[in-house]
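The analysis underlying the following values was restricted to heavy atoms, covering all of them including side chains, and did not include hydrogens, waters or symmetry mates. These numbers come from a predicted model, not from an experiment. Lettering of chains follows the sequences in order, A, B, ..., and the numbering in each one begins at 1.
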Number of protein chains: 2
Amino acid sequence: MRNLAAVTDPAESVLLRLSAIVELTEGDRDLLRNAGASTQRKIAVRRELISEGEPVSRPLMILAGWGARIRVLSDGRRQILSFVLPGDLIGVGRQRGALASSTVLALKDMVVAEAPCEQLLPDDSSLPAAYVASSSIDEFYLQSHITRLGRLTAYERCADFLLEIGERMSLAGLTEKNSFRMPLTQECLADALGLTSVHINRTLQALRKDGVISACGGRVTLHDPSALAHLVDHRRAPNIRRRAA
Amino acid sequence: MRNLAAVTDPAESVLLRLSAIVELTEGDRDLLRNAGASTQRKIAVRRELISEGEPVSRPLMILAGWGARIRVLSDGRRQILSFVLPGDLIGVGRQRGALASSTVLALKDMVVAEAPCEQLLPDDSSLPAAYVASSSIDEFYLQSHITRLGRLTAYERCADFLLEIGERMSLAGLTEKNSFRMPLTQECLADALGLTSVHINRTLQALRKDGVISACGGRVTLHDPSALAHLVDHRRAPNIRRRAA
DNA sequence: CGCCCCCTTGAAGTGTGTCAAATCGGGTGG
DNA sequence: CCACCCGATTTGACACACTTCAAGGGGGCG
């Protein structure tokens, strides 16, 4: 049972996600587990994990909770650039001391830990490769988000977005069948998808009416992900080693 | 005269851009100039520099020409994710052999060369730092693009976009005062900014009528960049060492 | 000269935004 | 256990930014 494991080991999501990217050595796993156990700290809702314009701290791994990378315009308009999920790494492959290009906000209480430092790894470690691959996956999702905002309708944006989150939650071992927790308000969805919360509401209703998703109590179920993926021409991240299953 | 220098040394734009990011050693400059002279090749318009889903080749530096990173949907809709300009690096900090997440297309005839290989650099080289910083700047621009598409009006999108391109051209030493060449069709602009070419046309007219830009013969002039930047809440890339001037 | 691509313009349609009010649901205090 | 409150969701009516469709014009190039 993956979910039970996630409870026992705080770094479980990170381990799952990274081993879907590269083959981790046993040493790597220990390093991650140790870092997860010894350097973890909590970030309360609404707190900023990283603040735009300030020097970034050490690279972090996300053990639990949801965050969002955001930009806020001077008149209050807000854009969510990406969501930060358990298993994700942030700030790896950045030069130390560089200024953050955007703010990362905790949407739910989060637990984070410091990612093992790249300079102090054994020679046979595959973590450097994992870090590089992890950031190319992040870049892929940024590109997908651009395409969503630029060329998809509201209906397609929602569907495509839910597919992506489902994929990412699955990588972190946080799905059961095609269902996962998604503790986002419709206003958050709106800020991510470039719409208003009113329109998000109507669009989600349309998706439910069409029977492609159901949602209740912060839990989303995709009824037929592959059919939906085909419908909205959804692309999955390349460079992920598909599980045998 | 910077422009004359750009003619004499093919790697001039790369040198200018990278030295705005980090302090380059004399050895670094030689490496870049040599690579620029010895490994350069041309890419004809409409040719793909990188093809989505295929393994990426060696990291490249752009010596001349314009390219675009694109995604195409199955029904023909197209989104331009970013533009590739002289001085840019592409594919640095990616694991060799990984699959490309998007296609890079030459919009004009391009000249590219292989970027000096990270493994073969002298210890005092600052190129690794430059590569890392260069890709965080790329990421910054992706984030800006998301914000443009998600939360700005057509008018703001165009203005913000032109400011960004002006900034980048200036880094590569390709501006004169506030004017630069921009060989993009309005359809390209539309595909980048998530609009139709018809609407781009009308929006550019509005910008001209308001006296904020003028454009003729593929040359754009921004009449008062800082006022415009303030108007549309434009943000410049962090981590760029401003020239003393 | 004539073709082709790109830009330009007009008129009409629609997806999404705006504004405002009602309802729901979960927490809190009496 | 009920009364209240607050944020989130839902609904309706209307407005408008942007799209669509279609036709015309301009400039480079064979």
K.L.:
How many angstroms lie between atom CG of A:Leu189 and atom CG of A:Leu162, to the nearest 0.5 angstrom?
P.N.:
7.0 Å
K.L.:
B:Thr185 has a side chain; which of C:dT9, C:dC7, C:dT16 sits nearest to it?
P.N.:
C:dC7
K.L.:
Looking at every strand, decide which applies to B:Thr153 at a 4.0 Å heavy-atom threshold: base, sugar-phosphate, or nothing.
P.N.:
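Answer is sugar-phosphate: B:Thr153 comes under 4.0 Å of backbone atoms only.
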K.L.:
Send over the distance from B:Arg151 CZ to C:dT16 P, rounded to a whole Å.
P.N.:
13 Å
K.L.:
Quick one: B:Met182 CE to C:dC7 C1', roughly how many Å, whole number?
P.N.:
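Nearest whole value for this atom pair: 14 Å.
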K.L.:
Please find the earliest and latest nucleotides of DNA chain D, in the 5' to 3' direction, that have an atom within less than 4.0 Å of any heavy atom of chain B.
P.N.:
D:dC18 to D:dC21
K.L.:
Whole-Å distance between C:dG17 P and A:Leu189 CG?
P.N.:
13 Å
K.L.:
Once you round to the nearest 0.5 Å, how far does CD1 of A:Ile240 lie from OG of A:Ser170?
P.N.:
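Interatomic distance, A:Ile240 CD1 to A:Ser170 OG, rounded to 0.5 Å: 9.0 Å.
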K.L.:
Rounded to the nearest Å, what distance is computed from the NE2 atom of residue B:His199 to the C1' atom of nucleotide C:dT16?
P.N.:
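Rounded to whole Å, this separation is 14 Å.
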K.L.:
Could you state the CZ-P distance from A:Arg77 to C:dG17, rounded to the nearest angstrom?
P.N.:
13 Å
K.L.:
Rounded to the nearest 0.5 Å, what separates atom CG in B:Leu142 from atom OG in B:Ser136?
P.N.:
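Separation between the atoms: 11.5 Å.
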K.L.:
Answer with base, sugar-phosphate or nothing: what part of the nucleic acid does B:Gly194 contact at a heavy-atom distance below 4.0 Å?
P.N.:
sugar-phosphate
K.L.:
Less than 3.5 Å between a donor and an acceptor, one on the side chain of B:Arg202 and one on the base of C:dG10, is that the case here?
P.N.:
yes
K.L.:
Distance only, no hydrogens: is a donor on one side chain within 3.5 Å (strictly under) of an acceptor on the other, for B:Ser51 and B:Glu54?
P.N.:
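Result is no, nothing qualifies.
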K.L.:
Under the 6.0 Å and 45° cation-pi test, does A:Arg71 pair with B:Phe140?
P.N.:
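Yes - A:Arg71 lies over the ring of B:Phe140, closer than 6.0 Å to its centre and within 45° of its axis.
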K.L.:
Return whichever of A:Gln205 or B:Val198 has its heavy-atom-nearest nucleotide of DNA chain D closer to the 5' end.
P.N.:
A:Gln205
K.L.:
Using whole Å, report how far CG of A:Leu149 lies from C1' of C:dT16.
P.N.:
14 Å
K.L.:
Atom CG of B:Leu195 and atom C1' of C:dT16: how far apart are they, to the nearest Å?
P.N.:
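My rounded result for the distance is 14 Å.
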K.L.:
In whole angstroms, how far is the P atom of C:dC6 from the CG atom of B:Leu107?
P.N.:
12 Å
K.L.:
Are A:Arg69 and B:Glu139 close enough for a salt bridge, meaning some N to O gap below 4.0 Å?
P.N.:
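Salt bridge between A:Arg69 and B:Glu139, a charged N being under 4.0 Å from a carboxylate O: no.
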K.L.:
What distance do A:Leu174 atom CG and A:Ser179 atom OG have between them, rounded to the nearest 0.5 Å?
P.N.:
11.0 Å
K.L.:
Does B:Gln186 make a side-chain N or O approach to OP1 or OP2 of C:dT8 shorter than 4.0 Å?
P.N.:
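Answer is yes, contact under 4.0 Å.
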